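So the structure is just underneath, and the comments pick up after that.
This one's a predicted model, so the numbers in the text were calculated from it and none came from an experiment. For the numbers below, each heavy atom of this structure counts, side chains included, while hydrogens, waters and symmetry mates do not.
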Amino acid sequence: MKLLSRVMLAAGTLLLLAAPVMGKEVNFRLDDDLKLNGVELKSGRYKLVINGDGTAEIFRGKTLVTTAKVELKSLDGVLPNAVNYDKNLNLREIRTKDERVVFVQSGDSD
């Protein structure tokens, strides 16, 4: 019985350690063609995978479209479930129901 408890504890610990590496997935849709780090994102459905290292990957279907540096921020009263972009059609952030995923552009400062 003690061996089983140790195995379960070890498995639970590995799962917790691997959680940041596994990534959080968010599906989103673009109604307009946008750009992110010079890569064109055509309107349509995408999946955002947030990694535990401050980066995120954007997939269209199973194809990796681009990777980007991100910062996770609280919603702070802004509307959730939205895509925010600037006047030059550069993707700036994706708002989930829980947080804002802000894409860090070179030269950005908060």
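- In this structure, the salt bridge (Lys or Arg N to Asp or Glu O under 4.0 Å) partners of E93, at least two apart in sequence or on a different chain, are R95, R100.
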Intermediate values then yes/no, side chain to side chain contact (heavy atoms under 4.5 Å, CB included), L89 and D33 = CA-CA 8 Å; L89 300 178; D33 295 350; over 6 Å; no

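- In the hydrophobic clustering (ILVMFWY side chains linked at under 4.5 Å, chained through shared members), L75 is joined by V78.
- A search for salt bridge (Lys or Arg N to Asp or Glu O under 4.0 Å) contacts involving K35 returns nothing, not counting sequence neighbours.
- Judged by distance alone, with hydrogens and angles left aside, the side-chain atoms of D53 form a donor-acceptor pair with the main-chain N or O of T55 at under 3.5 Å.
- Judged as a side chain to side chain donor-acceptor pair (under 3.5 Å), and not counting sequence neighbours, D98 has no contacts.
- For the ring pair (Phe, Tyr, Trp, His ring centres under 6.0 Å) condition, no pair includes a residue of residues 61-82, sequence neighbours left out.
- Contacts of T63 classified as side chain to side chain donor-acceptor pair (under 3.5 Å), with partners at least two apart in sequence or in another chain: none.
- Among residues at least two apart or in separate chains, ring pair (Phe, Tyr, Trp, His ring centres under 6.0 Å) pairs with a member in residues 25-48 are F28-Y46.
- Among residues two or more places apart in sequence or in another chain, the salt bridge (Lys or Arg N to Asp or Glu O under 4.0 Å) test is passed with D31 by R29.
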ask   = Between E25 and I50, does a side chain to side chain contact (heavy atoms under 4.5 Å, CB included) hold up when you go through it step by step?
value = CA-CA 6 Å; E25 295 182 6; I50 304 165; over 6 Å; no

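- With sequence neighbours excluded, no residue forms a salt bridge (Lys or Arg N to Asp or Glu O under 4.0 Å) with E57.
- The side chain to side chain donor-acceptor pair (under 3.5 Å) test applied to N84 returns no partner, not counting sequence neighbours.
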request  = Could you check L34 against N90 for side chain to side chain contact (heavy atoms under 4.5 Å, CB included), going step by step and ending with a plain yes or no?
outcome  = CA-CA 6 Å; L34 301 179; N90 292 301; over 6 Å; no

message = One pair to check against side chain to side chain contact (heavy atoms under 4.5 Å, CB included): L91 and L41. What are the steps and the verdict?
response = CA-CA 9 Å; L91 181 59; L41 303 172; 4.0 Å; yes

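- For residues 49-68, there are no ring pair (Phe, Tyr, Trp, His ring centres under 6.0 Å) pairs, not counting sequence neighbours.
- For the pair E71/V101, no side-chain contact is recorded, criterion being any heavy-atom separation below 4.5 Å from C-beta on.
- Residues I94 and F103 form a side-chain contact, since some pair of their non-hydrogen atoms from C-beta on lies under 4.5 Å apart.
- For the pair R60 and S43, the tightest heavy-atom approach, listed with the atom from each and the gap, is NH2-O, 3.1 Å.
- Annotation: ring pair (Phe, Tyr, Trp, His ring centres under 6.0 Å) contacts involving residues 72-98, sequence neighbours excluded, are absent.
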